[in-house]
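Being a predicted model, the structure only gives us computed values, none of them experimental.
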Amino acid sequence: MKPDSSNMERPMPDVAMRSLEQDQGTLDWVGMREIRLPVTIQDGTELSEVIGSVQMYVDLLDPKAKGIHMSRLYVLLDEAARSRTFSPTSIQIFLQEMLDSHSDVSSSAFIEISFERPLRRTALVTDHSGWGSYQARIRGLKRTAESIVELCFTVKYSSTCPASASLARQSIQEQFERDFHQSNTVEPKHVKQWLGSTGGIVATPHGQRSTADITVRLSEHLDSFPLTELINRVENSLATPVQTAVKREDEQEFALLNGQNAMFCEDASRRLKQTLDETPNLLDFLVRVEHFESLHAHNVASWVAKGVPGGLRADPKTT
């Protein structure tokens, strides 16, 4: 049963906005985290409807203000999620609405929307396909003299160790010499049979699942986020993204790609820097790759940024 409307009209105390008798200092950010709700993201020409986890904040500049209007921010977000599509342009409009709702106490606003982007991925050789899922985040920041829109996403891929591949080839060569050193001539059919045996291929290189975490800074005037385009560019650059539906033909092709694209984390970072340098409409970017070692108990990682003065920088303290 809904409450009596007459009760809704009576004055109610607002403790959060009560002025303090003495200055208590300002606060950098105040707001909410982990607000889960459906949102629509403009991803290129496609609308992507996802479940977002949102954090949103404003600063608190009035040292005598006890707090902010949390409910105002929540209502703004709920209305925006129901009525609009999020793009770089609409993110900046929404940040201004956050500031307008707290114009008496705030001058900065921040929002981050985290979500999973599902994409249909085809198999390497066969006609099969399956769903890939990509962790992504959209960030917006608005201050008096600064407006920032960033897109972050993660791509998983396979990385074969070049050192291990080289050592495996050496072991195979040595085994070949042991098995055929007494033969004056070696018939191709015997070599083929030897190459297909476990006694011949005595060593294989180790590989590991790996991740590339990428942050790109975009113009606030763009009418869409280039998420799928960037994911495709990154996967094409690395050449060995993880697969969905896999039959034997696809697995064999994946093995070939790994053999032809052995890479240390440094190699992967350099590939991605070149790819992003060649991608239009990116104001800045930061790449962090991590290889989850199968040889060692530790992981290896590498960072690289575009190199814009005053722009994004790798900070191991935050990763």
Side-chain angles (χ1 to χ4, degrees), residues 14-20 23-42 50-117 135-154 213-222 225 227 283-284 286 288 310-315 317-319:
D14 190 350
V15 176
M17 294 309 295
R18 184 176 297 168
S19 294
L20 302 171
D23 290 0
Q24 296 293 318
T26 62
L27 297 175
D28 296 331
W29 295 111
V30 185
M32 292 167 284
R33 289 175 53 85
E34 298 186 13
I35 306 171
R36 294 187 61 82
L37 74 173
V39 295
T40 302
I41 307 296
Q42 186 70 52
V50 297
I51 300 297
S53 179
V54 180
Q55 55 176 327
M56 55 192 307
Y57 311 102
V58 293
D59 56 354
L60 184 56
L61 296 180
D62 185 350
K64 288 189 176 181
K66 190 171 183 63
I68 68 168
H69 293 283
M70 296 281 185
S71 61
R72 291 182 186 176
L73 294 181
Y74 185 91
V75 169
L76 279 174
L77 176 63
D78 184 66
E79 291 177 347
R82 288 186 289 111
S83 64
R84 73 181 67 173
T85 299
F86 285 104
S87 66
T89 299
S90 66
I91 283 286
Q92 285 296 310
I93 294 173
F94 181 74
L95 289 167
Q96 186 59 55
E97 292 171 351
M98 291 174 61
L99 289 175
D100 292 343
S101 72
H102 287 77
S103 58
D104 52 338
V105 295
S106 302
S107 66
S108 301
F110 174 87
I111 185 172
E112 180 182 272
I113 305 173
S114 301
F115 58 96
E116 290 189 11
R117 176 65 165 109
Q135 296 287 339
R137 297 188 305 278
I138 290 166
R139 295 190 189 122
L141 171 68
K142 193 173 187 67
R143 293 192 175 106
T144 302
E146 184 178 32
S147 294
I148 293 175
V149 177
E150 293 177 347
L151 171 64
C152 313
F153 61 96
T154 299
D213 294 308
I214 297 171
T215 297
V216 297
R217 189 164 290 179
L218 304 169
S219 169
E220 63 189 89
H221 304 297
L222 290 178
F225 288 100
L227 178 55
L283 303 180
D284 200 358
L286 174 65
R288 175 181 179 271
L312 293 167
R313 291 291 181 272
D315 184 0
K317 299 191 300 295
T318 62
T319 56

To the nearest 0.5 angstrom, please state how far the OG atom of Ser101 sits from the CG atom of Leu73.
5.0 Å
State whether the side chain of Asp284 and the backbone N or O of Arg217 hold a donor-acceptor pair below 3.5 Å, judged by distance alone.
no
Residue pairs involving residues 92-116 (criterion ring-ring contact (aromatic ring centres under 6.0 Å, His included); sequence neighbours excluded)
His69-His102
Hey, could you give me the CD1/CZ distance between Ile138 and Phe86, rounded to the nearest 0.5 Å?
8.5 Å
Donor-acceptor pair, distance only, cut-off 3.5 Å: does the side chain of Thr85 make one with the backbone of Thr40?
no
With the side chain counted from C-beta on, respond yes when Met70 and Val30 share a heavy-atom pair under 4.5 Å apart, and no when they do not.
yes
So, do Arg117 and Ile41 sit near enough that their side-chain heavy atoms are less than 4.5 Å apart?
no
Non-hydrogen atoms of Ala65 and Val105 that approach each other most closely:
CB-CG1, 4.1 Å
Quick one, Ser87 and Leu222 - any side-chain contact, counting heavy atoms below 4.5 Å?
no
Atom CE in Met98, atom OG in Ser103: separation rounded to 0.5 Å?
13.5 Å
Check against side chain to side chain contact (heavy atoms under 4.5 Å, CB included), Val50 and Glu116
CA-CA 7 Å; Val50 297; Glu116 290 189 11; over 6 Å; no
Validation row: Asp104, Asp62 side chains within 4.5 angstrom (heavy atoms):
no
Going by the rule side chain to side chain contact (heavy atoms under 4.5 Å, CB included), which residues pair with Glu146 if we only count those two or more places apart in sequence or in a different chain?
Leu141, Arg143, Ile148
Between CD1 of Ile111 and CG of Leu77, what distance do you get to the nearest 0.5 Å?
5.5 Å
Close side-chain approach of Asp28 to Tyr57, heavy-atom, < 4.5 Å:
no
With no hydrogens and no angle check, is any side-chain donor or acceptor of Asp59 less than 3.5 Å from a backbone partner on Leu61?
no
Where do Glu34 and Ser53 come nearest, in terms of heavy atoms and distance?
CA-OG, 3.6 Å
Nearest heavy-atom approach of Ile214 to Val216 is CG2-CG1, 4.0 Å
Measuring from atom CG of Asp100 to atom CD1 of Ile93, what distance do you get when rounded to the nearest 0.5 angstrom?
11.5 Å
Taking all atoms of both residues into account, what is the closest heavy-atom pair of Ala81 and Val39, and its distance?
CB-CG1, 4.1 Å
Between Ala136 and Leu227, what is the shortest heavy-atom contact and its length?
CB-CD2, 4.0 Å
Approximate separation, where rounding is to 0.5 Å, of Phe153 CZ and Thr215 OG1
8.5 Å
Closest approach of Glu112 and Ser114, non-hydrogen atoms and distance?
OE2-OG, 3.6 Å
Could you check whether any side-chain heavy atom of Met32 comes within less than 4.5 Å of a side-chain heavy atom of Tyr74, counting everything from C-beta outward?
yes
Any side-chain heavy-atom pair of Asp213 and Cys152 under 4.5 Å
no
